[in-house]
Q: 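Quick one: this structure, given as structure tokens, is what I'll be asking you about.
Heavy-atom basis, side chains included; hydrogens, waters and symmetry copies ignored. Per chain, numbering begins at 1; letters A, B, ... match sequence-line order.
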Protein chains: 2
Amino acid sequence: MTSPRPSLDATQLGAYFALIEASSLLKHAVEQQLREAGDLSYVQFQLLATLGDSPAGSQRMTDLADGVVYSRSGLTYQAQTLEKRDLVTRTPSSDDERSTTVTITDEGRAVLARVFPGHIAVLDDLLFAPLSRSDVETLADILARARDHMRQTPPRSAAPRRSKKPAGTTDQAR
Amino acid sequence: MTSPRPSLDATQLGAYFALIEASSLLKHAVEQQLREAGDLSYVQFQLLATLGDSPAGSQRMTDLADGVVYSRSGLTYQAQTLEKRDLVTRTPSSDDERSTTVTITDEGRAVLARVFPGHIAVLDDLLFAPLSRSDVETLADILARARDHMRQTPPRSAAPRRSKKPAGTTDQAR
DNA sequence: CACAGTTGCTTCGAATCCGAAGCACATCAC
DNA sequence: GTGATGTGCTTCGGATTCGAAGCAACTGTG
């Protein structure tokens with residue numbers, strides 16, 4: 001950051017690094033707690049929590065994938081893992097033979113309930129402890145805006161201009 | 001499902017989810033850009049950037065690991081990968097035979113320089129675009145506080161005051 | 001109805017990650 | 001010195017991730 005880069009200013013860099021570091025640290029801590037308390041990975045917890053929050057306790061694979069940030073294949077893997085442990089069931093949808101409906105089981109809800117208190121505790125201790133009430137509100141507001149913007153921004157806007165991919169053009173190598 | 005349990009309030013949950021989602025989305029986007037522009041993973045970029053920022057362009061493995069959030073073994077893996085591509089060199093430290101000093105090469109700096117503009121562009125488009133100047137300042141301040149707190153909080157404090165367990169659930173096989 | 005294009009999910013291979021165990025050097029007693 | 005500990009890094013095995021390719025079921029057009 002002491003480099004002569006005419007791009008981001010110190011504040012922006014600070015925000016960026018703080019965001020990445022804080023989320024990484026938090027995620028690691030949460031992951032560890034989940035592993036110890038219920039032998040769950042973070043994704044697995046997210047899936048169970050999402051399902052537990054759903055009206056019927058079930059969702060289509062695709063809708064689940066949209067809620068979480070992970071890939072479809074990764075979701076398949078985790079869903080299978082959860083199914084093996086009887087925390088969810090997977091059944092073909094009735095109106096569309098292709099889609100799979102994932103449903104949380106009582107056992108799944110039990111694990112969720114067992115893990116939740118510790119999860120909250122970690123968040124309180126690590127994330128919320130050093131923040132005031134208004135800090136949290138502000139944080140929620142700003143990050144929600146950023147998230148919403150990223151969600152609706154075309155995933156490919158990263159590289160400025162690029163249309164069709166004609167051939168093995170050694171893409172933008174400077 | 002907003003159960004009647006003494007959990008987090010809506011604002012806290014919102015902040016938590018927004019933090020996780022925003023950082024995940026951003027990281028994915030950045031990762032993709034880095035991959036396309038310089039065939040670097042996010043960790044590799046972080047390592048190169050950290051080294052590039054260092055006075056002599058070099059650091060001990062351990063110090064590097066502290067800067068990044070990843071594990072020692074993961075760092076070893078990535079350092080080896082970078083070394084194979086001649087983006088860094090690794091030499092035993094002179095005063096301590098055990099430690100390894102990692103140094104960025106000119107080639108490494110070149111890759112860094114090639115990748116940087118696109119990196120900035122992604123950040124501008126995805127993270128900073130929907131935020132005002134003061135938003136960024138506030139965000140940086142709050143997250144920096146959270147991060148610093150997490151860094152100095154003992155790693156094992158996951159479940160501090162929570163010793164009660166739901167019946168004689170056989171603990172994990174150790 | 002037949003066909004082409006979509007959509008939903010899974011399988012496959014490769015890359016990456018972590019924790020535990022192991023190895024080698026350092027440091028601290030005595 | 002010499003052994004007991006500690007520190008720095010790597011190796012090992014296993015888990016998790018992704019993208020690309022594949023399969024099966026839907027949809028739209030004539």
Q: For A:M61 and D:dA24, what is the distance between atoms CE and P respectively, to the nearest whole Å?
A: 17 Å
Q: Are the side chain of B:T100 and the backbone of B:P92 linked by a donor-acceptor contact shorter than 3.5 Å?
A: no
Q: Under a 4.5 Å cut-off applied to non-hydrogen side-chain atoms, are B:D9 and B:Q12 in contact?
A: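 They are in side-chain contact.
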Q: Please step through salt bridge (Lys or Arg N to Asp or Glu O under 4.0 Å) for the pair B:R151 and A:E21, ending with a clear verdict.
A: CA-CA 10 Å; B:R151 279 213 188 273; A:E21 286 180 44; 2.8 Å; yes
Q: To check you understand the geometry: which heavy-atom pair defines the closest contact between B:V102 and B:M61, and what is its length?
A: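 So the two residues come closest at CG2-SD, 3.4 Å.
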Q: Taking the side chain as every heavy atom from C-beta outward, state whether A:L40 and A:L87 have any pair of such atoms under 4.5 Å apart.
A: yes
Q: Under the salt bridge (Lys or Arg N to Asp or Glu O under 4.0 Å) rule, what do A:D135 and B:R145 come out as? Steps first, then yes or no, please.
A: CA-CA 10 Å; A:D135 281 339; B:R145 247 184 301 142; 2.8 Å; yes
Q: Take the protein atom CG of B:L64 and the nucleotide atom P of D:dG8, then report the distance between them rounded to whole Å.
A: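 Result: 13 Å.
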Q: C:dC25 P sits how many Å from B:D95 CG, rounded?
A: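 After rounding, the reported distance stands at 15 Å.
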Q: Quick one, give me the B/S/- string for nucleotides 11-17 of chain D, reading 5' to 3', where B means a protein heavy atom under 4.0 Å from the base and S means that only happens at the primed atoms, P, OP1 or OP2.
A: B---SBB
Q: Do any N or O atoms from the side chain of A:T105 and from the backbone of A:D86 form a donor-acceptor pair under 3.5 angstrom?
A: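 Answer holds: yes.
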Q: What's the closest nucleotide to the A:T62 side chain, out of D:dG8, D:dT10, C:dC9?
A: C:dC9
Q: Expressed in angstrom and rounded to an integer, what is the separation of B:F45 atom CZ from C:dT16 atom C1'?
A: 19 Å
Q: Just the rounded figure in Å: distance from C1' of C:dA24 to CG of B:D96.
A: 11 Å
Q: What's the CD-C1' distance between B:E31 and D:dG19, to the nearest Å?
A: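 Rounded to whole Å, this separation is 13 Å.
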Q: Counting side-chain heavy atoms from C-beta on, which of C:dC9, D:dG8, D:dT10 comes nearest to B:R90?
A: D:dT10
Q: Between D:dG8 atom P and B:L75 atom CG, what is the distance in whole Å?
A: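 The answer, rounded to whole Å, is 13 Å.
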Q: Of the nucleotides C:dT7, C:dA26, D:dT10, which has the atom closest to the B:E97 side chain?
A: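 In terms of side-chain proximity for B:E97, the closest of C:dT7, C:dA26, D:dT10 is C:dA26.
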Q: In whole angstrom, what separates A:K27's NZ from C:dC18's P?
A: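 So the two atoms are 11 Å apart, to the nearest Å.
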